Structures are given as structure tokens and as C-alpha cells.
Asker: 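First the structure, which I've put down as C-alpha cells, then a few questions once you've had a look.
Computed from a predicted model, the values in this text were never measured in an experiment. Indexing begins at 1, ligand by ligand and atom by atom, following the structure's order.
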Amino acid sequence: MFLKSIFFLIAVGLSSANELRRPEGRIIGGTYVPIEDVPWQVALLVGTSHICGGSIYNKWTILTAAHCVYGEITEHVSIRAGSSLKNFGGQHVNVSKIIIHEEFNKETLDNDIALLILEKPLDTNNTLIKPIELAQEPPSPGTNVLVTGWGSMYSKPLDFYPQILLGVNLTVVDTASCREKYNLELPKPVVCAHQSGKDSCQGDSGGPLVTWPNPKLVGIVSGGPHNCATTYPGFYTDVASFRDWILKTINKLY
Ligand code: ARG
């Protein structure tokens, strides 16, 4: 397994060496993204296992999906920032508090957002670890967006979890037609994004969906079709709708 990972790392490294500055498509259909291109990305770990992604809001605070940390014991949860590898390098910091949205619904995935307060602040005095600005408004249909994570590169039963960070560019799909496609069974509020043969997948949850090339956080990976990269768009927590909740919740802490 270890050898296999090394070979994979080298293979992906070589094949995308000339594309480093242009994230495109694994996760499913994507390419390697160096952490300095997306310095807000963190890996969310439970014990030593990578379970989800997250985004740096400030030195003390990580944004993720509620379904990632629902039922987890704070003592077991930590994050790694500043590394393209989910298991090595960067800054590894324990989480001291998990705040799940009060109206999170684990069946419908309504309000799929949570804040993680860190035990000690991240050192952001470098190019690898930086907060991401929240979008003021939901992205309009057609907007180019980038989603990144260490989630599966293939749909089940062929899942494969990369060691290195991958990213894929998607296009925002209008919410009304996305809702229709899902027979109105979509969480609220939501952003949908799609691109043929490309998608986020299991393990990308909680991670960032940002506008690209001018990065603002517009979404948090929440869910999608059972198999990834189908004709169904992936769906993302609409970050702009939760700006007030985020600010209010953080203010209450201090
Ligand atoms: N719920 C998944 C997770 O926990 C994310 C699924 C995203 N799926 C998709 N087809 N976009 O990692």
C-alpha cells in the first residue's frame, strides 16, 4: 500500500508538473494542487484518519460541514494546515471545540455547516497557511469555481484516496433546475456545481468551493449523487447565507 502510494505520488507529480499553477479538474477528473495555491485548505482528521476537508476562517477557526463532525468527540479531532499531504507536514493542531449549526438536519443536510475552534492559533506568517474570505453573495450560474480535497478519485466500488491534494474546476448550476433534478430533495440553502466527468466525492466533504481565479469561499462540500461525477451536480452549503451565523457564533465566543 505504501509503495503503491509512492508510485502514485510520483506519477501524479510528473503528469501534472506543467500544470501546477492551473488547477483543473481529480478529486474526480482533477489534478494536483500545491497548497500554496489554496492555502486555506485543511485536512480534518479523527485520530489518525483523514475524514474530511475544511477551510481556514481565521487563525483560531476552521469552517467545515456539520455532517463531518456530527457525533465526533472533540478530543479525537484535529486539523492539518499548510501541507499538500493529508498525513504529513504543515501544522497539526488539535480542535478544542466543535460548534455544529443548531438547525443542522442529518437526514436532509439542511444547514450543513460547523465551526472548529483550535487549541492554539495557526501560524499564518507564511505562504502556505492563510484564511479565505467569505463570499458576500451566492455565486451566479455559470461562475467558474474550484473544489479541492483528498477525497476519492473514483466512485464506489473503485474508491481510491490520494495522499496529495487534488482540485477540479466546476461551473455553478442554477439552483432551481438543480432542485428540480433532485426532485426538490436538496438541502437549504445550497449551491450546485457540475462539469462533465468532474466532481467532488467521498472524503472531500467539509472542504472549500471557491470562486476561481479570484478566490472567495462560496461553498462547503456537502453532498451529491451516490456515485460521483454523474449527470447530477454536487451540492455545497451556501456560505454567503451563513455569513451572519458565522460572525454571530464567533462573537459569542469572545
Ligand atoms: N458527503 C460526501 C463526503 O462526506 C461528499 C460527497 C460529494 N459528492 C459529490 N458527488 N459531489 O465526503
Asker: Give the atom numbers and elements of ligand 1 that come within less than 4.0 Å of a heavy atom of Asp204.
Answerer: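 That gives atoms 12 (O) of ligand 1.
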Asker: Does some non-hydrogen atom of Gly151 fall short of 4.0 Å from ligand 1?
Answerer: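 Contact check Gly151 vs ligand 1: negative.
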Asker: Touching ligand 1 at all, Ser222? Heavy atoms, strictly under 4.0 Å?
Answerer: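 It does, in that a heavy atom of Ser222 comes within the 4.0 Å cut-off of ligand 1.
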Asker: Would you mind checking which non-hydrogen protein atom is closest to atom 2 (C) of ligand 1, with the distance to 0.1 Å?
Answerer: Ser205 OG, 2.7 Å
Asker: Enumerate the residue pairs fulfilling salt bridge (charged side-chain N to carboxylate O under 4.0 Å, His left out) with a member in residues 157-177, sequence neighbours excluded, ordered by first and then second residue.
Answerer: Lys156-Asp159
Asker: What pairs meet the ring-ring contact (aromatic ring centres under 6.0 Å, His included) rule with one or both residues in residues 162-205, with sequence neighbours excluded?
Answerer: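 Sorted result for residues 162-205: Tyr182-Tyr232, Tyr182-Phe235.
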Asker: I need the contact type for Cys52 against ligand 1. Using non-hydrogen atoms and a strict under-4.0 Å cut-off, is it side chain, backbone, both or neither?
Answerer: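 Cys52 to ligand 1: no contact under 4.0 Å from either part.
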Asker: Go through ligand 1 atom by atom and flag the ones less than 4.0 Å from a non-hydrogen atom of His67.
Answerer: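 So the atoms of ligand 1 that pass are 1 (N), 3 (C), 4 (O).
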Asker: With a cut-off of 4.0 Å, which atoms of ligand 1 are near a heavy atom of Gln202?
Answerer: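 Counting atoms of ligand 1 from 1, those under 4.0 Å from Gln202 are 2 (C), 6 (C), 12 (O).
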Asker: In this structure, which one of Tyr70, Trp245, Phe242 forms a ring pair (Phe, Tyr, Trp, His ring centres under 6.0 Å) with Phe104?
Answerer: Tyr70
Asker: Sub-3.5 Å donor-acceptor pair from the side chain of Thr237 to the main-chain atoms of Ile113, do we have one?
Answerer: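 No.
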Asker: May I ask you to list the atoms of ligand 1 that are less than 4.0 angstrom from any heavy atom of Gly224?
Answerer: 8 (N), 9 (C), 10 (N)
Asker: Need the ligand 1 atom indices (1-based, order shown) with element for anything under 4.0 Å from a heavy-atom of Gly203.
Answerer: 3 (C), 12 (O)
Asker: Just need the protein heavy atom nearest to atom 10 (N) of ligand 1, so name the residue and atom and give the distance.
Answerer: Asp199 OD2, 2.8 Å
Asker: Side chains of Thr127 and Glu36: is there a donor and an acceptor less than 3.5 Å apart?
Answerer: no
Asker: So do Val210 and Val38 actually touch side chain to side chain, heavy atoms under 4.5 Å?
Answerer: no
Asker: Given Gly223, Ala229, Gly234, Pro225, which one has a non-hydrogen atom that is nearest to atom 7 (C) of ligand 1?
Answerer: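 Of the listed residues, Gly223 has the closest heavy atom.
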Asker: Which heavy atom of Arg80 sits nearest to which heavy atom of Asn87, and what is that distance?
Answerer: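 Result for this residue pair: NH2-O, 3.3 Å.
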Asker: Atom 9 (C) of ligand 1: which protein heavy atom is closest, and how many Å away?
Answerer: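 Checking every protein heavy atom, the shortest distance to atom 9 (C) of ligand 1 gives Ser200 O, 3.2 Å.
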Asker: Can you find a heavy atom in the side chain of Gln195 that is under 4.5 Å from one in the side chain of Val168?
Answerer: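 The answer is no, as the side chains (C-beta and beyond) never meet within the 4.5 Å cut-off.
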